[in-house]
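Structure, as structure tokens:
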Amino acid sequence: MLEATEKIWHNGKLIKWDDAKLHVLAHVVSYGSSVFEGVRCYDTTRGPAIFRGPEHIRRLIDSAKIYRMDVPFSVEQITDAMVELVRANNLRSCYIRPIVLRGYGDMGVLPKYNPIETYLACWAWGKYLGDEAITQGVDVCVSSWTRIAPNTLPALAKAGANYMNSQLIRMEAEINGYSEGIALDVNGYLSEGSGENLFIVRGGIIYTTPLANSVLNGITRSSVMAIAKSLDIPVVEQPLPREMLYIADEAFFTGTAAEVTHLRSVDRVMIADGKMGPITTAIYEEFFGIVNGKKPDRYNWLTPVKVAAAEPVGV
Ligand SMILES: Cc1ncc(COP(=O)(O)O)c(C=O)c1O
């Protein structure tokens with residue numbers, strides 16, 4: 001269950017958690033008109049820090065632009081507001097959820113008289129696919145649901161409505177005893193998980209599905225691609241047939257929620273010996289080294305959140 005914190009940021013002001021309410025006739029409730037982000041703040045060895053905050057907010061504003069929603073705040077203002085919010089809630093590590101939505105006004109599909117509301121919330125959060133998943137890997141399936149097709153719902157926009165499709169994929173996987181589902185695109189090529197980008201390793205090369213296969217332009221995806229480059233591991237973006245999964249040497253998901261999680265099996269077919277393979281391990285160690293502050297922040301991905309020093313224990 002969601003653990004409430006004290007404050008939520010709404011249109012430039014901090015309000016109480018319980019006061020962040022919507023009218024049931026807000027446009028977003030009937031028509032799914034929201035765009036949002038998921039961002040992590042890590043408790044690094046140098047103090048709390050937000051991972052790739054400006055890139056997430058740039059994507060939020062891009063998502064809003066695709067849907068003709070004018071956000072009256074800049075990338076810098078919202079990034080600063082995320083820092084302010086984490087400080088106000090006195091958290092060291094948390095998940096941050098920025099949301100832009102069409103609010104209460106007129107009722108009808110055309111959102112002519114519905115205000116744009118911007119909210120930021122944050123709360124403590126653990127591992128998305130379960131505590132064990134991050135080290136033991138996950139058993140997943142290929143979904144019977146197809147990912148949203150091009151020119152239907154735009155996949156590059158992280159819009160609330162896209163997650164109706166994600167819900168179908170994730171619920172079906174859960175009912176059938178899998179941790180997650182991978183969707184194919186409208187042409188039958190691999191797309192992505194319900195909330196993660198997909199990587200496959202074969203013969204020392206990392207493959208991932210391109211943006212044209214109905215995937216979100218993941219921030220963790222781009223981080224992993226940068227890390228792979230620095231480790232001299234080639235990354236190829238190309239359409240991938242489903243069966244590449246079954247013959248992979250390694251496969252893994254990336255995402256703010258899933259971080260870097262290797263796939264143990266797909267459709268009950270074991271990937272190699274089911275353990276995290278060497279290339280995934282190298283990426284995993286570099287990724288967690290950076291976000292935990294144990295390795296230098298060489299890409300400038302972390303925005304520090306200045307908080308009061310922790311109380312000394314036992315005094
Ligand atoms: C559908 C989908 N794909 C991919 C991702 C991974 O994106 P990111 O790494 O930016 O969190 C997410 C998570 O936001 C997602 O919901």
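Read the numbers this way: they start at 1 and go in the same order the structure lists the ligands and their atoms.
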- Message: List ligand 1 atoms under 4.0 Å from G255, heavy atoms only on the residue side.
- Response: 6 (C), 9 (O), 11 (O)
- Task: Mind checking whether E196 contacts ligand 1 via backbone (N, CA, C, O), side chain (CB onward), both or neither, at a 4.0 Å heavy-atom cut-off?
- Result: backbone
- The atoms of ligand 1 lying under 4.0 Å from a heavy atom of E192, numbered in the order shown, are 1 (C), 2 (C), 3 (N), 4 (C)
- Query: Based purely on interatomic distance, does N217 place a nitrogen or oxygen under 3.5 Å from a nitrogen or oxygen of ligand 1?
  - Reply: no
- Task: Return yes or no for this condition: an N or O of Y163 is under 3.5 Å from an N or O of ligand 1.
- Result: yes
- Item | Short side-chain donor-acceptor distance under 3.5 Å, Y246 and D267 | yes
- Message: Are any of the N/O atoms on R147, whether in the backbone or the side chain, positioned under 3.5 angstrom from an N/O atom of ligand 1?
- Response: no
- Separation between OH of Y119 and CG of N11, rounded to the nearest 0.5 Å: 7.0 Å
- Item | Proximity to ligand 1 by part of S194, non-hydrogen separation under 4.0 Å | backbone
- Is the closest N or O pair between T220 and ligand 1 shorter than 3.5 Å? yes
With a 3.5 Å cut-off and sequence neighbours excluded, list the donor-acceptor pairs that the side chains of residues 132-140 form with protein atoms.
from	atom 1	to	atom 2	distance (Å)
T135	OG1	E132	O	3.2
D139	OD1	R264	NE	3.2
D139	OD1	S265	OG	2.7
D139	OD2	R264	NE	3.4
D139	OD2	R264	NH2	2.8

- Query: Nearest to atom 14 (O) of ligand 1, what protein heavy atom do you find, and at what distance?
  - Reply: K158 NZ, 2.7 Å
- Backbone or side-chain N or O of G218 under 3.5 Å from ligand 1 N or O: no
- Between E286 and K295, is there a salt bridge with N-O shorter than 4.0 Å? yes
- Task: Distance to 0.1 Å, residue and atom name: give those for the protein heavy atom nearest to atom 12 (C) of ligand 1.
- Result: G195 O, 3.2 Å
- Query: Can the ring centres of F199 and F253 be said to be less than 6.0 Å apart?
  - Reply: no
- Do S166 and ligand 1 have an N or O pair less than 3.5 Å apart? no
- Is it the case that R268 places NZ or CZ above or below the six-membered ring of Y178, under 6.0 angstrom from the centre and within 45 degrees of the axis? yes
